[in-house]
Amino acid sequence: MRFDIITIFPSLFDSYLSQGLIEKACRDKKIEVNVHDLRCWANDKHKTVDDKPFGGGIGMVMKVDPIYKAVKEIKKNKGKQKVILFSPRGRRFNQKKASNFADYDQIIMICGRYEGVDERVAKYIADEEVSIGSYVLMGGDLPAMIVLETVSRLVPGVIGKENFLEERRKESAFIEYPHYTRPEKITINGKERVVPDVLRSGDHKKIEKWREKKGKTIK
Ligand code: ADE
């Protein structure tokens, strides 16, 4: 599966992509991630990607033409592709949407910045406007990392566990029961905190029941 991220801050992704399971997934060729600097598709020598809004108002608006050129060049004509524009106005991203996105061969993510993005991007270039939550961020770069990570987990071989297939089928994720490891006892702020008895009982049936009760499903 291939992800293409269009941003004006490509270096924000350097550290994120160079560590942990995402780095491993790229190395193992389970996923391919390409980060593109939108300024490469700017029309002028100053690499301008924003302009004043028609009708007046404060702030700058991201121009449609560099984004259009970028998407046209990046989009492969092979397999299933989806173009996402991040915006707080978009449809809410959740586990079900992640499961749906995991069926695509190429996901192109446009990270908006400034006060907004020319509306023609949402209307005629993106397939979907996506919001990661009901709050306003400074841009779409963090949302792109969140979507990349959530969808990558569902690509076979990216995480060690085999339950990703189940998560994809059910479009929900079983969030595990609480975990404990050594020490068995620890004093925190003057009170002794211990590992639940059941986990030390050695009774696997009981443990399984407890874990089922304490687990949670994310939809
Ligand atoms: N850009 C700014 N806020 C956002 C949000 N909540 N989700 C997606 N993109 C955004």
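Indexing begins at 1, ligand by ligand and atom by atom, following the structure's order. The figures that follow rest on heavy atoms only: side chains count, while hydrogens, waters and symmetry mates do not.
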- prompt: Heavy-atom contacts under 4.0 Å between P88 and ligand 1: side chain, backbone, both, or neither?
  reply: both
- prompt: Evaluating non-hydrogen atoms only, which member of L137, V130, L85, V136 is closest to atom 8 (C) of ligand 1?
  reply: V130
query: For H179, does the NE2 atom sit with more than 12 other heavy atoms under 6.0 Å from it, leaving out its own atoms?
result: yes
message: Between S87 and E129, do the side chains contain a donor N or O and an acceptor N or O under 3.5 Å apart?
response: yes
- prompt: What atoms in ligand 1 come closer than 4.0 Å to a heavy atom of G139?
  reply: 1 (N)
query: Would one find more than 12 heavy atoms of other residues, nucleotides or ligands at under 6.0 Å from atom CZ of R182?
result: no
field: Within-shell test, G112 vs ligand 1, heavy atom, strictly < 4.0 Å
entry: no
- request: Could you check atom 6 (N) of ligand 1 against the protein and tell me its nearest heavy-atom contact, residue, atom and distance included?
  value: Y135 O, 2.8 Å
query: Do K214 and Y177 meet the cation-pi criteria used here (NZ or CZ under 6.0 Å from the six-membered ring centre, within 45° of the axis)?
result: no
query: Counting both backbone and side chain atoms, is some N or O of G133 under 3.5 Å from an N or O of ligand 1?
result: yes
query: With backbone taken as N, CA, C and O and side chain as the heavy atoms from C-beta onward, which portion of S87 lies under 4.0 Å from ligand 1: side chain, backbone, both, or neither?
result: backbone
Check ion pair D141-R113 (N to O, under 4.0 angstrom): yes
query: Quick one: do the K69 and N43 side chains pair a donor with an acceptor below 3.5 Å?
result: yes
- request: Give the residue, atom name and distance (to 0.1 Å) of the protein heavy atom nearest atom 7 (N) of ligand 1.
  value: I132 N, 3.0 Å
